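Here is the structure we will look at, set down as structure tokens.
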Amino acid sequence: MPKLPFMADEVHEVVKGDGYAVANVDALAEGPGFRKVRRELGVTAFGVNAIEIPPGFQTGRHFHDEQEELYFVHRGRIRIRLNDETEHLLGPGGLARVDAATVRQIENVGDEPAVYLIAGGKDGYVGRDGRLPEGETSRFGPAGQPG
């Protein structure tokens, strides 16, 4: 595989190419509210957005008819309340999977804005369908590469 040129600048704005899009979540909006990841990156197979909420803010309670969701905390600390029965504190890197019918509510319990990503979908996992391009022998990079 030919070595690609090194891109010196970190991606901040949305960049779209043939079969892909890259961006930084902070470039999708400023301040509190929705960051429309799905729309901006052209995602069609599942729903995905990011949300920023200020310290002390609590979202409304909600559930879905069909869509299971996965929450990923990018920045800050949130408390997720599930079915009004249990609460869990999640910091950066924290994850929560929530069934469609489970009532959920988020609260920013930190001292800074919290940003979390939500991916949602239905109808199950498609399985491991990754394949190597012709001539490739490992999905882990060239042999002998530190890793």
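All of these numbers come straight from a predicted model, not from anything done at the bench. Note that the numbering runs from 1 along the sequence shown for the chain.
Other residues, nucleotides and ligands place no more than 12 heavy atoms under 6.0 Å from the CZ atom of Arg38. Within 6.0 Å of atom CG in Asp65, 12 or fewer heavy atoms from other residues, nucleotides or ligands are found, so the atom counts as exposed in its surroundings.
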**Message:** Run the side chain to side chain contact (heavy atoms under 4.5 Å, CB included) test on Arg104 and His62 for me, step by step, so that the C-alpha distance in whole Å, both residues' side-chain angles and the decisive distance to 0.1 Å come before the verdict.
**Reply:** CA-CA 6 Å; Arg104 77 278 328 245; His62 81 281; 3.2 Å; yes
**Request:** Check step by step if side chain to side chain contact (heavy atoms under 4.5 Å, CB included) holds for Leu117 and Val48.
**Result:** CA-CA 7 Å; Leu117 184 99; Val48 60; 3.9 Å; yes
**Message:** As a quick check of understanding, evaluate side chain to side chain contact (heavy atoms under 4.5 Å, CB included) for Ile53 and Tyr116, giving each step before the final call.
**Reply:** CA-CA 9 Å; Ile53 57 175; Tyr116 55 96; 4.0 Å; yes
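For residues 70-115, there are no ring pair (Phe, Tyr, Trp, His ring centres under 6.0 Å) pairs, not counting sequence neighbours.
No side-chain heavy atom of Lys122 sits under 4.5 Å from any side-chain heavy atom of Gln67.
Under the 4.5 Å side-chain heavy-atom criterion for grouping Ile, Leu, Val, Met, Phe, Trp and Tyr, Ile51 is connected to Ile106 within one hydrophobic cluster. No single ILVMFWY cluster, assembled from side-chain heavy atoms under 4.5 Å apart, contains both Leu41 and Ile118. Connection of Val73 to Phe57 is established within a shared hydrophobic cluster, with ILVMFWY side chains joined at heavy-atom distances below 4.5 Å, either directly or through further cluster members.
In this structure, Asn108 contributes its side chain and Gly56 its backbone to no donor-acceptor pair below 3.5 Å.
Between Asp18 and Lys16 there is no salt bridge, since no side-chain N of the basic residue sits under 4.0 Å from a carboxylate O of the acidic one.
With respect to Gln105, the side-chain hydrogen bond (donor to acceptor under 3.5 Å, both in side chains) criterion is satisfied by exactly one of Arg61, Arg79, Gln58: Gln58.
The heavy-atom pair separating Val98 from Leu82 by the smallest distance is CG2-CD2, 4.0 Å. Contact detail for Leu90 and Ala96: the closest heavy-atom pair is CD1-CB, 4.0 Å. In terms of heavy-atom proximity, Gly110 sits nearest to Pro55 at O-CB, 3.4 Å. The two residues Val109 and Ile78 make their nearest non-hydrogen contact at CG2-C, 4.2 Å.
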Which atom pairs, donor and acceptor, lie under 3.5 Å between side-chain atoms of residues 22-37 and protein residues at least two apart or in another chain?
residue, atom, partner, partner atom, Å
Asn24, OD1, Asp26, N, 2.8
Asp26, OD1, Arg35, NH1, 3.2
Asp26, OD1, Arg75, NH2, 2.9
Asp26, OD2, Arg75, NH1, 3.4
Arg35, NH1, Val25, O, 3.3
Arg35, NH2, Gly31, O, 3.3
Arg35, NH2, Glu52, OE1, 2.3

